[in-house]
2 protein chains.
Amino acid sequence: MVKENICNCKDCEKGWPVFKVLGKEELEYLNSNRFEAGFKPGEVIFKQGSPASNVVFLLSGMAKIYMEGQGDRNLIVDIVRPGKMIVGPGIYTDQRNMYTVSALNEVRACFIDSGVIKKMVRQSSAFAEGFITDISYRSEYSLNKLMSMTQKKMPGRVAEILLYLSDSVFESDEFDLFLSRQELADMAGMAKESIVRILKEFSIEGIIDSGCSRLKINDKVKLNMISMNG
Amino acid sequence: MVKENICNCKDCEKGWPVFKVLGKEELEYLNSNRFEAGFKPGEVIFKQGSPASNVVFLLSGMAKIYMEGQGDRNLIVDIVRPGKMIVGPGIYTDQRNMYTVSALNEVRACFIDSGVIKKMVRQSSAFAEGFITDISYRSEYSLNKLMSMTQKKMPGRVAEILLYLSDSVFESDEFDLFLSRQELADMAGMAKESIVRILKEFSIEGIIDSGCSRLKINDKVKLNMISMNG
DNA sequence: GCCTCATGTTGATATTTATCAACGATAAGC
DNA sequence: GCTTATCGTTGATAAATATCAACATGAGGC
């Protein structure tokens, strides 16, 4: 594992866009208060219930954010790539992580102390506004998810997550799925057997081609219709 | 309908606690940029999809916050009383209301322009921090709700909303329910027939006494167990 | 007072979804 | 190489939940 930091906030390409509003001094302060670490697939980056001491940014790789329920039942809230801030509401409430984040593949991550982020919020109103905007989008996402989960039936929810993966995560109609069937099920809130059947159904209808880990979306229009109509 | 404002931000008892961090001048500015309005039961205070031009505070009465789905299927996100800020993520994203808010009984509400709130966020870092803390609690609430909705079975969800109403809304073990069975169903994400059966079941077991609009919780411990175990 | 409409309630039934069991395939350990 | 564990897949079954239909109940209009 590489111990030293290999990048610098000043010229971080993979960084969070809101950092751009900070001045040179603030970026230097940020840079001197951060740590990088590497993670192997499956390793936990931070754990639900533990102190929310850091905000995390991926420099490379992908991670899943999930809430752990009773008896192995997890709910995957999001799949993240570099460019997104990984932070829970805990840093402004009870100082605890509301969810676990773990690496899906080889990950390099940047840790910034929560206190440093909160300091930036106090110091720069532009940063505060950017921060609020970011968490507002996150809220919209959760509320929409809440709506889908309660009102859509299984095929609608599966169509929705396939579209989400394609549009917002992989940004392509064909991609290598890093996710097992169990993980897809945890995203859509259903049993793994159910998602297997639905993916097969979609395959038979020609909407998708689903090899074991590769997934290709053939008919986005139809998928959208299924997602819409629940 | 009373047209004039009947209270003043400076000595508002029902106000949002975070306003206390503002100075006298800022409170006066706030006070000169707000409007009060009255609503009858059932009337819409603001509507999903419309511009998120205002942040609302109840001065008296209660309201339901709900997302409208397809074909009369609504999801009640929260029940609010005075002291809470009613604001959606929209003021920091696409300027649209993500949900509808409507009066459950006679309501008097205070409207503050979103721009004014955003200005306060920029002007006062303490206000910004209070604002972020508030929406962070809201996020935790949504995420917990997402978890319950996807992982708990109906009795667990019903137990949960009864406890929520008792602990966080009415702050009593016995209260007049302003909500119809349909509305309770919309809170728990189920059919109204289902909630009728579950409430009856709880009644038979002696956990609650449920007259038509009055509800009394007899056995909070048991209700908690049902809520926990899903 | 009576009628009408909305809401609450109940039972029967259909649909959706999870669980269970079995098996094949694939990858890791010895 | 074999063994073991994990994952994906399938069919059968059970459980959870919604829908439908019917009827009761209660409030408001006239």
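Here is the naming used below: chain letters follow the sequence lines, and residue numbers restart at 1 for every chain.
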Check your understanding: Can you check the L179(A) CG to dG8(D) C1' distance for me, whole Å?
Key -> 15 Å
Review point. Under a 4.5 Å cut-off applied to non-hydrogen side-chain atoms, are D186(B) and L179(B) in contact?
Key: no
**Study point:** D72(B) CG - dT19(D) C1' separation (whole Å)
**Key:** 14 Å
Exercise for review: Taking only the side-chain nitrogens and oxygens of K200(A), find out if one of them lies under 4.0 Å from OP1 or OP2 of dT10(D).
Suggested key: yes
Review point. From F175(B) CZ over to R214(B) CZ, what is the distance, rounded to the nearest 0.5 angstrom?
Key: 9.0 Å
**Study point:** Atom pair distance, as rounded to whole Å: NZ in K152(A) and C1' in dT16(C)
**Key:** 17 Å
Review point. Quick one, which residues of residues 181-196 of chain A touch DNA chain D with a heavy atom under 4.0 Å?
Key: R181(A), Q182(A), E193(A), V196(A)
Check your understanding: How long is the line joining CE of M149(A) and P of dT16(C), in whole Å?
Key -> 19 Å
Revision key, fill the gap. M154(A) CE to dA18(D) C1', in whole Å, measures 14 Å
**Study point:** K145(B)/D78(B) salt bridge by N-O under 4.0 Å criterion
**Key:** no
**Study point:** Length of the CG-P vector between L199(B) and dT17(D), whole Å
**Key:** 15 Å
Point to revise | Atom-to-atom span, CD of Q151(A) to P of dT17(D) - whole angstrom | key: 16 Å
Exercise for review: Sequence neighbours left out, what passes ring pair (Phe, Tyr, Trp, His ring centres under 6.0 Å) with Y164(A)? Give chain and number order.
Suggested key: Y141(A)
Check your understanding: Quick one: are R197(B) and E201(B) in side-chain contact, heavy atoms under 4.5 Å?
Key -> no
Practice item. Specify the separation, in whole Å, of atom CD of E201(B) and atom C1' of dT17(D). Key: 15 Å
Review point. Quick one: does R197(A) reach the base of dG8(D) with a side-chain donor-acceptor pair under 3.5 Å?
Key: no
**Study point:** Trace of the side chain to side chain donor-acceptor pair (under 3.5 Å) decision for K152(A) with S227(A)
**Key:** CA-CA 8 Å; K152(A) 287 183 185 175; S227(A) 170; 3.2 Å; yes
